[in-house]
Amino acid sequence: MAWMKIKDAFGAPAGTELTVKGWVRTKRDSNADGGLSFVAVHDGTCFDPIQVVARADLTNYSEEISRLNTGCSVEVDGVLVESQGKGQSVEIQANAVRVIGWVEDPDTYPVSNKRHSFEYLREVAHLRTRTNTFGAVARVRHALAQSVHRYMDSLDYYWVHTPIVTGSDCEGAGEMFRVSTLDFCNIPKTDDGSVDYSKDFFGKETNLTVSGQLNVETYACSLSRVYTFGPTFRAENSNTSRHLAEFWMIEPEIAFADLHDDIELASGMLRRCASDLLERRMDDLQFFDLRIEKGIVDRMKMIADAPVKTITYTDAIKILENCNEKFEYEVKWGADMQSEHERYLTEKHFKQPVAVINYPKDIKAFYMRLNDEGTDGAPGRTVAAVDILVPGVGELVGGSQREERLGVLDMRIEEMGLHKDDYWWYRDLRKYGTVPHAGYGLGFERLVQFCTGMQNIRDVIPFPRAPRQAEF
RNA sequence: GCCCCGAUAGCUCAAUGGUAGAGCGAGCGGCUGUUAACCGCUAGGUUCCAGGUUCGAGUCCUGGUCGGGGCGCCA
């Protein structure tokens, strides 16, 4: 008999003979018709488990089938039939149920058939994928990754694998994890007492990357349209539901492009992700809508249809100053927006994703393009930066048009107390055939949160890494 | 890093400083084309760790560990 994925079994015609393999989600017994058991089996290929009907006349019924528990693995041979009961369209009348793996102590099986808190399930991350929620998260996460790659490929963007280990100590986006093979108990020192990195594996100080942006800009300045999609590491001591020490980021970089081209690309990416989910993972979306956050399906429909709305930082500040909301932190032009301000804009004022552009230059990175004096009627100088804010998550995307003018770039590097020489190859891009270009970073886990309604970012990555959290 | 909250049965939680409890899960039995099944019985505890106060501490105090929420850093 043909081994069939459960998702395909649901679409097969009645009368199909098949084998399915998976894990028991629930079992219920009945005395009717001489005794039978209903075994719900899942294999991860779709949201719903399939109902297997096992009758007491099967040879191993009393010895094995009646003793099945949540978590046991089984192979089932049978015939697909229209269900005689309510609650499912089809079911499998079993001819044979082979137990592949028992649960050795059902009393202590960590993910028994009952509700568990997400905090608890994080402690059993190796088994939590057997639950409805984490199975759904895994499938949605996969679908979103596929959508990103398909979307970028359809627009002729090349996926560039920027390095994980970096020798640049100038990436600037926060604390880094050191990469070293030196013996902690016997660290080589130079004459002045500092660590002698020339003795280390790479012969210099190295870290895990905090962004592929600087590297991928080099590819944009030759291949025109490129992006990275890979792991990123930040050693910040961040304790929030929106931060991880290891996360995945998508960083497109577009040559001959300005900030609006950048936003258009990000907006299209979100639309594509949402419409693909509606088309491919409606089963999981409906679960999230029902059990995790009401309105997820409507949210995806809204994203699929509407482009991201754009507003200037200067106008956003005016909205915040003139609204009647009480904020803990003062709203002031020139200051970074607090997360309460961002959430007000996207969740209450606009009730949709919002791209905020043209931020004061002093609160943004050196590589962001300096706007002309008086842009947007702003009271101070701004840079062509963009943050895309979404309901429930806050900042999903951070990007900018890059400063392509060498003189201005050098001025900005100096202004921020950085050293030109550290950026020699980055500056070369401006010396040799410079072009206007733009890009952004999209936090992949935050995207998964936005599309599922999952509240804690640690529940949308298989094995979360955060301060004091590296089990599994 | 800062502020707040929490830790008791496999899980989720109760218990005024005075004998440690329930629901779910698990085991056994009953009933039923069942599906958050239902009914009965049974088992299940180093009350996070280390000190202290007290005749007596799950409860109060001190320190620690771990977890959660908010904020900051950002994606």
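Numbered from 1 within each chain, the chains take letters A, B, ... in sequence-line order. What's counted below: heavy atoms across the whole structure, side chains too, no hydrogens, waters or symmetry copies.
Taking 4.0 angstrom as the limit, A:Thr70 places none of its side-chain polar atoms (N or O) nearer than this to OP1 or OP2 of B:G25. Residue A:Arg468 places at least one side-chain N or O under 4.0 Å from the OP1 or OP2 atom of B:G67.
Scanning residues 117-130 of chain A for heavy-atom distances under 4.0 Å to RNA chain B yields A:Ser117, A:Glu119, A:Tyr120, A:Arg122.
For A:Phe288, there are no ring-ring contact (aromatic ring centres under 6.0 Å, His included) partners at least two apart in sequence or on another chain. Every ring-ring contact (aromatic ring centres under 6.0 Å, His included) that A:His161 has, sequence neighbours left out, goes to A:Trp159. Residues meeting the side chain to side chain donor-acceptor pair (under 3.5 Å) test with A:Asp8, sequence neighbours left out: none. The ring-ring contact (aromatic ring centres under 6.0 Å, His included) check on A:Phe327 picks up A:His341, A:Tyr344, with sequence neighbours excluded.
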Which atom pairs link the protein and nucleotides 28-31 of chain B when you take only N or O atoms and keep those under 3.5 Å?
residue, atom, partner, partner atom, Å
B:C31, OP2, A:Asn31, ND2, 3.4

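At the heavy-atom level, A:Gly87 lies under 4.0 Å from base atoms of the strands shown.
Residue pairs meeting the salt bridge (charged side-chain N to carboxylate O under 4.0 Å, His left out) criterion with at least one member in residues 44-56 of chain A, sequence neighbours excluded: A:Asp33-A:Arg55. Residue pairs meeting the ring pair (Phe, Tyr, Trp, His ring centres under 6.0 Å) criterion with at least one member in residues 5-54 of chain A, sequence neighbours excluded, are A:Phe47-A:Phe287. Residue pairs satisfying the salt bridge (charged side-chain N to carboxylate O under 4.0 Å, His left out) criterion with at least one member in residues 13-29 of chain A, sequence neighbours excluded, are listed as follows: A:Lys21-A:Glu75, A:Lys27-A:Asp29. Listed by first then second residue, pairs satisfying salt bridge (charged side-chain N to carboxylate O under 4.0 Å, His left out) with a partner in residues 450-472 of chain A read A:Arg122-A:Asp459, A:Arg128-A:Asp459, not counting sequence neighbours. The ring pair (Phe, Tyr, Trp, His ring centres under 6.0 Å) pairs that include a residue from residues 67-117 of chain A are A:His116-A:Tyr120, where partners are two or more places apart or lie in different chains.
Nucleotides B:C73 and B:A37 place their P atoms 46 Å apart, quoted to the nearest Å. Taking the P atoms as reference points, B:A9 lies 15 Å from B:U59, given to the whole Å.
Relative to the side chain of A:His243, the nucleotides B:C71, B:U34, B:C73 differ in distance, and B:C73 lies closest. Side-chain proximity of A:Asn456 to the nucleotides B:A75, B:G33, B:G69 is greatest for B:G69.
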Could you spell out the base pairing of RNA chain B in dot-bracket, with Watson-Crick or G-U pairs whose two distances are under 3.5 Å, [ ] crossing and | to another strand?
-> (((((((..((((....[..)))).(((((.......))))).....(((((..]....))))))))))))....

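Looking at A:Arg98 and A:Asp77, a side-chain N of the basic residue comes within less than 4.0 Å of a carboxylate O on the acidic one, giving a salt bridge.
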